[in-house]
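Before any comments, here is the structure.
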Amino acid sequence: MTTHTSMNSTQVKAPRLEFAKSAPKAFRALVAFDAAAREGLDPALVELIQIRASHLNHCAYCLHMHTNDARKAGENEDRLHMVAVWREARHFFTEREQAALALTEAMTLVADAGVPDEVYAEAAALFDERELAQVLAVICTINTWNRVALSTGKVAGTDER
């Protein structure tokens, strides 16, 4: 078994498959979709969406990556710590962020209850059609990235971007 050294010098398993190398066209398409989804959206909002979906999907690899990206983009620690409990800490987030987080939860857990009309309507009231479509696309891309990372055994702290 191949191992990588993590940040605290313990041994971790190597990924099961290098998705980018094994499916380069699919990987490039997903990278392009991700880039297109983000266009015109506030980078902080994008990171909040990605963090919340990664919480829900239990994707430590993506959660580590996106919390670091959010910090680099200027996001503060208080908000990062509150994303998982945003409903109990609404005062940390704008109405638009709250609507995007609710939509993220509904779409990520779509098999549980679909996307409730009230969740969609709240987002539609706060984002114009183009922005809403972009938010939907970001939620789709992070859920796909989470599934790729989880299924290929990506390990938190080993992002080499």
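Excluded from the calculations below are hydrogen atoms, water molecules and symmetry mates; all remaining heavy atoms, backbone and side chain alike, are included. All values derive from a computational prediction rather than experimental measurement.
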Considering residues at least two apart in sequence or located in another chain, which fulfil the side chain to side chain contact (heavy atoms under 4.5 Å, CB included) criterion with [X]?
X	result
Asp112	Leu109
Asp78	Asn76, Phe92
Tyr120	Val115, Ala124, Leu132
Glu118	Pro116

Can a donor-acceptor pair be found, under 3.5 Å and without considering hydrogens, that links the side chain of [X] to the backbone of [Y]?
X	Y	result
Glu131	Asp128	yes
Arg96	Leu126	yes
Thr141	Val138	yes
Arg147	Asn143	yes
Thr67	His64	yes

> Out of curiosity, does Phe127 fall in the hydrophobic cluster containing Leu101 (side-chain heavy atoms, cut-off under 4.5 Å, transitive links)?
Replying inline: no
>> Is there a side chain to side chain contact (heavy atoms under 4.5 Å, CB included) between Trp86 and Glu105? Walk through the geometry before answering.
In response: CA-CA 11 Å; Trp86 68 270; Glu105 290 176 354; 2.7 Å; yes
Taking all non-hydrogen atoms of both residues into account, name the closest pair between [X] and [Y] and its distance.
X	Y	value
Arg130	Gly40	NH2-O, 3.8 Å
His66	Glu47	ND1-OE1, 3.0 Å
Ala123	Leu103	CB-CD2, 4.0 Å

>> If we check side chain to side chain contact (heavy atoms under 4.5 Å, CB included) with Val135, which of these qualifies: Thr104, Val46, Ile49?
In response: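 For Val135, the side chain to side chain contact (heavy atoms under 4.5 Å, CB included) check succeeds only for Ile49.
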>> My understanding is that only residues two or more places apart in sequence, or in another chain, count here; which of them pass side-chain hydrogen bond (donor to acceptor under 3.5 Å, both in side chains) with Arg38?
In response: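 Only Asp34, Gln50 meet the side-chain hydrogen bond (donor to acceptor under 3.5 Å, both in side chains) criterion with Arg38.
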> Among all residues two or more places apart in sequence or in another chain, which pass the side-chain hydrogen bond (donor to acceptor under 3.5 Å, both in side chains) test with Gln134?
Replying inline: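 Partners of Gln134 under the side-chain hydrogen bond (donor to acceptor under 3.5 Å, both in side chains) test: none.
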Nearest 0.5 Å please: distance from the [atom1] atom of [X] over to the [atom2] atom of [Y].
X	Y	atom1	atom2	answer
Cys62	Ile51	SG	CD1	11.0 Å
Arg52	Leu63	CZ	CG	10.0 Å
Thr108	His55	OG1	NE2	12.0 Å
Leu56	Ile142	CG	CD1	11.0 Å
Leu136	Met107	CG	CE	5.0 Å
Arg16	Leu150	CZ	CG	9.0 Å

> So, Glu95 and Arg90, do they make that salt bridge, N to O below 4.0 Å?
Replying inline: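 No salt bridge links Glu95 with Arg90.
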Measuring only between side-chain heavy atoms, which start at C-beta, is [X] closer than 4.5 Å to [Y]?
X	Y	answer
Val155	Tyr61	no
Glu75	Asp69	no
Glu88	Met82	no
Thr144	Phe33	no
Gln98	Arg87	no

> side chain to side chain contact (heavy atoms under 4.5 Å, CB included) between Ser54 and Trp145: does it pass, once the steps are laid out?
Replying inline: CA-CA 9 Å; Ser54 297; Trp145 284 123; over 6 Å; no
>> Under the criterion side chain to side chain contact (heavy atoms under 4.5 Å, CB included), I'd like the reasoning laid out for Glu97 against Arg79: C-alpha separation, chi angles, the key distance, then a yes or no.
In response: CA-CA 11 Å; Glu97 290 167 341; Arg79 283 171 40 98; 2.8 Å; yes
